[in-house]
Each structure stands twice: as structure tokens, then as C-alpha cells.
K.L.:
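Below is a structure I'd like to ask you about.
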Amino acid sequence: MDYAKFGVPKLDEYLGGGLDRNSISLIVGRSGIGKTILAAQWAAEGARNGETVIYISTTMNKYNCRDYLSRFSFMKDVYDKIHWRFIRVEPKYLLPMTKEKIKEGLEAVYGISSDLIDRVVFDSCTDLEKTLADPVLYRRAIRYMADFAYKYEVTSVWVEEAPMVGPWSETKNFVETVLFMDILRIPDGYARAMRILKKYRTPHPLEWFPYEISNDGIVIKDGWFVRKDYEYKFKPHRED
Ligand SMILES: Nc1ncnc2c1ncn2[C@@H]1O[C@H](COP(=O)(O)OP(=O)(O)OP(=O)(O)O)[C@@H](O)[C@H]1O
Ligand SMILES: [Mg+2]
């Protein structure tokens, strides 16, 4: 099986090889947690393999994106191979929302034939959700985006900001893999860690695994974080 790898040791292994081709995955976490860096690593890995990669950013522009991301070691020699697309999500491009409108919008953003595209990053869904400001419209928009990705056999990573309080959006229900990045309180302070909330078709660890951010991007550290206290404990059946 040919997986769409991150090129991040341990993470690809925990995912059973990488992300499944022609699937949609979600990287979710609070602001500043490392979502864009991880998505950029995945994009860079694709470009390094000679794949056609599109990175759609709703918040950066071509200047601050280059200044920020091209400095990471994983972008060496590949930054200019990625098709960067800087867009502003506005209601006038989306409404009235139809499948046709989303398709035309995406084709215009891609700027190259959809059949040729291997990987797409959409960073971030949160902008789309806030612009639409309506859960029903948002659900339709991402369903149309998903249909389009499956039709053209594009492997996608969507990025979403987790709210500080309140419920998560519905995006997680439309994707096959969810990677959740967070900061955990540990006895001597805080630690960055992530976990795989789901991945269809693959057995995967449930524990949190620590990571650091450096000039090499996201680096997974050894070991796991597990809860100290348990609400449930397994008790085997005893035959008398
Ligand atoms: N070169 C670096 N070395 C170490 N840490 C870094 C480096 N560059 C960025 N960081 C860390 O990564 C964080 C930003 O990561 P990233 O841009 O991926 O966040 P994000 O989750 O996409 O946030 P947002 O929701 O604001 O877009 C910074 O807040 C900082 O903690
Ligand atoms: Mg970001």
C-alpha cells in the first residue's frame, strides 16, 4: 500500500504507514499548537516525492508564508515545488451555495487540472466556518469539498482550529483520520502532545505522544502520556 506519508518518524509509523491515499484527514488543535507546521511537513514530503501538491492558506500571504515556512529544514529545496494558494474566503464567492459553485471555486483556486493533483492542504476550515456562520451551510460546503476530493482521487489534509471553549465543529465527522494536537498539564509543567482520535481501516495507538517544535518542524519524542488515574479498570471474569 502506498501511503501519503508525513515524513515524520514515529508519526507515520503510528498511523500504520501514513495517511491513506484518496482519503481526507483533519489536523485539529488550538491556535499556535503546530497545525500549520505539521501540514506543511506533509506537503513538503509529497513535493519531495515528485507529487503535485497544493497548499491553500486562508490566513497567510505569499510574503509571510515564505518567510515563515521556507526556514524549516524540511522545506529545503521543495518550497518552490509546492503550489501555494493564498485565498480570502468571502461570502460572495460561496453564496448561494451549490455544488457547482464549490467545484468552480476549487478549480479556480487550484489553477491546474484536478486530475493531476496528488495532495491538497486546506488551512483552514475554521475560516470557512466563520465566514459562513451557519452550521448547515458549512456542513454542505465541506461535503461538496469532500465529494470533489474523492472524485479526483486527491489525498487531503484539512486544518481546523479547536475552540478554546464550546463544542467542535462537524468537520471531524466528514473525515477519515483525525489528529488532535494539544498542550497537556504534566507534573512539572506543560508538554506538547498529540493523539490519533480516529483512523479508518487501521489499528492505531490511543495514547498521547509527545512532540517538540524546532527548526526541523514537528519532532515526535519517545514514549507516551497516559492518565495517572483511571475511572475504569478491567476485571477478568472468574469461574468458580
Ligand atoms: N523555528 C521554531 N522553533 C521552535 N518552535 C517554533 C518554531 N516556529 C514556530 N514554533 C512554534 O510553533 C508555533 C506555531 O505553529 P503553527 O504555525 O503550526 O501553529 P498553528 O497551530 O497553525 O496556529 P494558528 O491556529 O495560529 O494558525 C509557535 O507558536 C511556536 O510555539
Ligand atoms: Mg496555522
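For ligands, and for the atoms within them, numbers begin at 1 and follow the listed sequence.
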K.L.:
Is there a donor-acceptor pair closer than 3.5 Å between any side-chain N or O of D182 and the backbone N or O of L184?
P.N.:
no

K.L.:
Ring-plane angle category for W84 and Y79, please: parallel below 30°, perpendicular beyond 60°, tilted otherwise.
P.N.:
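W84 and Y79: parallel rings.
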
K.L.:
Say whether D216 and S73, considering side chains only, have a donor N or O and an acceptor N or O under 3.5 Å apart.
P.N.:
yes

K.L.:
Has T36 got an N/O/S atom less than 2.8 Å from the Mg ion (ligand 2)?
P.N.:
yes

K.L.:
Taking K10 first and then D222, would you say they form a salt bridge - that is, a charged N and a carboxylate O separated by under 4.0 Å?
P.N.:
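Looking at D222 together with K10, the answer is yes, because their closest N to O distance falls below 4.0 Å.
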
K.L.:
I'd like to know if the side chain of E160 pairs up with that of T171 as donor and acceptor (distance under 3.5 Å, no hydrogens or angles considered).
P.N.:
yes

K.L.:
Specify whether W224 and Y14 have parallel, tilted or perpendicular ring planes, treating 30° as the upper limit for parallel and 60° as the lower limit for perpendicular.
P.N.:
tilted

K.L.:
Under 3.5 Å, N/O to N/O: give me all the pairs between ligand 1 and the protein, one per line with atom names and distance.
P.N.:
from     : atom 1 : to   : atom 2 : distance (Å)
ligand 1 : 1 (N)  : N215 : OD1    : 2.9
ligand 1 : 15 (O) : Y68  : OH     : 3.3
ligand 1 : 17 (O) : Y68  : OH     : 2.6
ligand 1 : 18 (O) : G34  : O      : 3.4
ligand 1 : 18 (O) : K35  : N      : 3.2
ligand 1 : 18 (O) : T36  : N      : 3.0
ligand 1 : 18 (O) : I37  : N      : 2.9
ligand 1 : 19 (O) : G34  : N      : 3.3
ligand 1 : 21 (O) : I33  : N      : 3.2
ligand 1 : 21 (O) : G34  : N      : 3.1
ligand 1 : 21 (O) : K35  : N      : 2.9
ligand 1 : 21 (O) : K35  : NZ     : 2.8
ligand 1 : 22 (O) : T36  : N      : 3.0
ligand 1 : 22 (O) : T36  : OG1    : 2.7
ligand 1 : 23 (O) : G32  : N      : 2.7
ligand 1 : 25 (O) : K35  : NZ     : 2.9
ligand 1 : 26 (O) : S31  : OG     : 2.9
ligand 1 : 31 (O) : R192 : NH2    : 2.8

